[in-house]
Amino acid sequence: MHLPPQDDLFTAPPAVESQGLLKNINPEQLAAVTAPAEPMLILAGAGSGKTRVLTTRIAWLMQTGQVSPGGLMAVTFTNKAAKEMQTRLGAMLPVNVRGMWIGTFHGLCNRFLRAHWKLAGLPQGFQILDSSDSVSAIKRVIKAMKLDEERYVAKQVSWFIASAKEEAQRPGDIVPHDEQTRTMVAIYQAYEDQCKREGVVDFAELMLRCYELLRDNKPVREHYQQRFQHLLVDEFQDTNKLQYAWLKMFAPPGRQQAVFAVGDDDQSIYAFRGARVGNMVDFEREYRVSRVIKLEQNYRSFGNILDSANELIGHNSKRLGKNLRTDAGPGEPVRVYEAASDFAEAQWLIEEAQALHRQGLARKEIAVLYRSNAQSRVIESALFNAGIPYRVYGGLRFFERAEVKHALSYLRLLENPNDDTSFLRVVNFPTRGIGARTIELLQDAARASGRSLYQSVGAVAGKGGNNLMAFTGLVDSTRNLTQGLTLREIIEQVLETSGLAEFYRNDKDGAERLENLGELINAAEAFVTQEGFGKDAVALPVDELSPGAIAEGFPAAVAPANFTPDAETGEIMSPLAAFLTHASLEAGDNQAQAGQDAVQLMTVHSAKGLEFDAVFITGLEEGLFPHENSLTDHDGVEEERRLMYVAITRARQRLYLCFSQTRMLHGQTRYNVKSRFFDELPEGALKWLTPRNQGFGSGFAKEYQDAWSRGSGLKSMVGAGRVEKPAYVAAPVPRSMKAAAAEKVAAEFGGLRVGKGVFHTKFGEGMLMTLEGTGQDARAQVNFGRHGMKWLALSVAKLTPID
DNA sequence: GACCAGTGTTCATGT
DNA sequence: AACACTGGTC
């Protein structure tokens, strides 16, 4: 195997000097970068240099004097993408990228609302609920309304509310057609009231509030429309209805500001959370886009990988139409591996990854992708046992860890004691004698007076009430103690006075949690020093509050009486408030082993936008990928296919596809058939490391057994080209051994055959899945349908074959 | 009210 | 298999 030299073939050198901005850019890219200042739609295929086009355009616009840093807004979906854009831009031009309006939709909305909190009807220090906070807040509402929690599941209601907000619908805008919906709307309303009382907003609220303010306040709207002459939107295919409407507030179609929308309909993988690919077509029509520029030249992957991607996505019907091409040769074939179990799959892939590493590939250039997070565990444990460094993205992220959330809750209470979500999270953690009964009384009192829990403590007398008083006293005294301290000192103080640190020091499993709390202090330190707690969180550039802006129609309320923006930076929030916002908006990677050369594990969704030299796509099985929940509707399968397309196009040099016959799920073994996507890939680009198999008890297994019975065995199949070379035959050994074992058992227990039916006196009819062992050890795995999958000792169980 | 053991539920994807 | 929730006991 040979790997082409890295970096010179695929990574064009970044244009460092400003004069060289347009060097090494292909004609398509050049057309996009230097497009006239009018609405543009760029169809950017995977690996076509999309980010480069975006950043180069921004740099070019500024360099040619068409726009000032303050006159443009660039919006992305992920923090990662926003950060990358800022970094690259900073490398191209000597500008203060932090002050620019470059960020995620939510980050920019947050910044906007921080500036106009009063106009938006928010308290100045409003805090942001993450999804789990939001769910628990909704749970409280449902309880308070004394509704059936089985019928109104907080998670589902949360989804309902978020969906409504993404449609820009307030409770009053929804016309319920049934009792269930009517109640959901009532919960939505009560939840909104509660959020308002507590001074918190959820993710969807950030967007909606920002949109409504622009919609309803003409002076503000016109100010921003004048200010932003250029708007650039990344991943346009992922925008939802509200985000598109939001964009139109900044740049209404009639005014013909230069909206530069970049997207790829083939990479639309967020329909499940409201993304509308249709926004691309709508945009083209509504903004009267005269020319759509397609970026189809791929600089990332070799031909076989690209052919696979192109052919796969060709099976989708609703496409704008686009075909990636490359100048690189065909490269290595796409390798396909069929494993006997998820364990074997993991084992194989880490061996292969090790081999790649030995051949000089950095571990961080190897990615293992899966459809859902649950699949990572087996792979993780295999990597762990083999002693291979790895890094898992997604799953439980840093700011989502229980101990970190506890600490953050205390910190939030310092800023805003009326945050009931935080109050409830820590009021009795560590335990301080405040039980469910007391909390209930407190909640009743709060509800009756329409005040927060914190404000209602005085109303609850009795022994529990005293403990409550002690708790609020603790919060208040901590607030006093931390006046004027640095962020680091504040957190250290809070960890001690709250008793959190003490609790974890005494807890026998608390070491790791203590470490994470230490990590929280580090994160805060890094936030203050490196990031200058700017970015999404705060950093309102001074110009934001300039007298000019106010004169132009901002009510004086924009600059609240009780604060003075920092003379130097214009920052208007305390470091603590800024850090809390940062924590909500950026869940943070799980920072373990950051910086180490480690194999990268992540879901396909989180791999979007990334690229690696070698990519393993695992668990390519029906029901898993495509996921079973998507199979019911046609659009669902198309989205899964796009997801697969995204996965394939992550690979530069090497692509591996693998699947397993059996897999542990929900603690049960499931039997899977290989994904339909295999039938949609070009045969010529694939190389099967294991012989083809159509499924259980058929295909290869049958062919193999036939060959075996002819006495020629595996050899004849190798000769027939079904198994490419003996070196790789080593891989499917478990299977051939299984087949051999099955033959033996079959001989012993006459007539039993894998894939045939069997009858058991107690469980009835079942399908024979596996035969193993001999004599006393002989055992069979049988799927009895409603009785489930069972392992049976053949020396005991009476199994009779059915024909 | 704290703590433990046993039971039930979830594993789609993210700001 | 891992975790959240429930009910019983001290």
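A donor-acceptor contact shorter than 3.5 Å is absent between the side chain of A:Arg371 and the backbone of A:Glu621.
Of the candidates A:Lys248, A:Met207, A:Glu166, A:Arg276, A:Met207 is the only one forming a side chain to side chain contact (heavy atoms under 4.5 Å, CB included) with A:Gln243.
For the pair A:Gln86 and A:Met100, the minimum side-chain heavy-atom distance is 4.5 Å or more. The shortest distance between side-chain heavy atoms of A:Thr239 and A:Trp246 does not fall below 4.5 Å.
A:Tyr211 and A:Arg209 form no side-chain donor-acceptor contact under 3.5 Å, judged by distance and modelled atom types alone. A:Arg641 and A:Asn316 are linked by a side-chain donor-acceptor pair at a separation below 3.5 angstrom, with hydrogens and angles left out of the test.
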Can you pull every protein N or O that's under 3.5 Å from an N or O on nucleotides 2-5 of chain B?
from	atom 1	to	atom 2	distance (Å)
B:dA2	OP1	A:Gly433	N	3.1
B:dA2	OP2	A:Asn428	ND2	3.2

Nucleotides 7-13 of chain B: which of its N/O atoms have a protein N/O under 3.5 Å away?
from	atom 1	to	atom 2	distance (Å)
B:dC11	OP2	A:Lys155	NZ	2.6
B:dA12	OP2	A:His627	NE2	3.1
B:dA12	N1	A:Arg371	NH2	3.4
B:dA12	N3	A:Arg371	NH1	3.3
B:dA12	N3	A:Arg371	NH2	2.5
B:dT13	OP1	A:Asn373	N	3.3
B:dT13	OP1	A:Asn373	ND2	2.6
B:dT13	O2	A:His605	NE2	2.9

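Under the 6.0 Å distance and 45° angle rule, A:Arg273 counts as a cation-pi partner of A:Tyr270.
With sequence neighbours left out, the side-chain contact (heavy atoms from CB on, under 4.5 Å) criterion links A:Arg676 to A:Glu622, A:Pro626, A:Leu631, A:Val637, A:Glu680.
Rounded to whole Å, the distance from CG on A:Asp133 to P on B:dG14 is 18 Å. One atom, CZ of A:Phe343, and another, P of C:dA1, lie 13 Å apart when rounded to the nearest Å. Put simply, CD on A:Glu380 is 16 Å from P on C:dA1, counting in whole angstrom units. What separates CD of A:Glu400 from P of B:dG14 is a distance of 10 Å, to the nearest Å. Separating the CZ atom of A:Arg111 from the C1' atom of B:dT15 is a distance of 17 Å, rounded to the nearest angstrom.
Between the side chain of A:Thr78 and the base of B:dT15 there is no donor-acceptor pair of N/O atoms closer than 3.5 Å.
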Contact string for nucleotides 4-10 of chain C, one letter per nucleotide 5' to 3', B = base within protein heavy-atom range under 4.0 Å, S = sugar-phosphate only, - = neither, reads -S-----
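Applying the salt bridge (charged side-chain N to carboxylate O under 4.0 Å, His left out) test to residues at least two apart or on different chains, none of the pairs has a partner in residues 100-109 of chain A. Screening residues 126-137 of chain A for salt bridge (charged side-chain N to carboxylate O under 4.0 Å, His left out), with sequence neighbours left out, gives A:Asp130-A:Lys405, A:Asp133-A:Lys405, A:Asp133-A:Arg412.
Within 4.0 Å (heavy atoms only), A:Phe77 reaches sugar-phosphate atoms of the nucleic acid but no base atom.
A gap of 22 Å separates the C1' atoms of B:dT13 and C:dA4, to the nearest Å.
Within a 6.0 Å sphere centred on CZ of A:Phe384, heavy atoms belonging to other residues, nucleotides or ligands number 12 at most.
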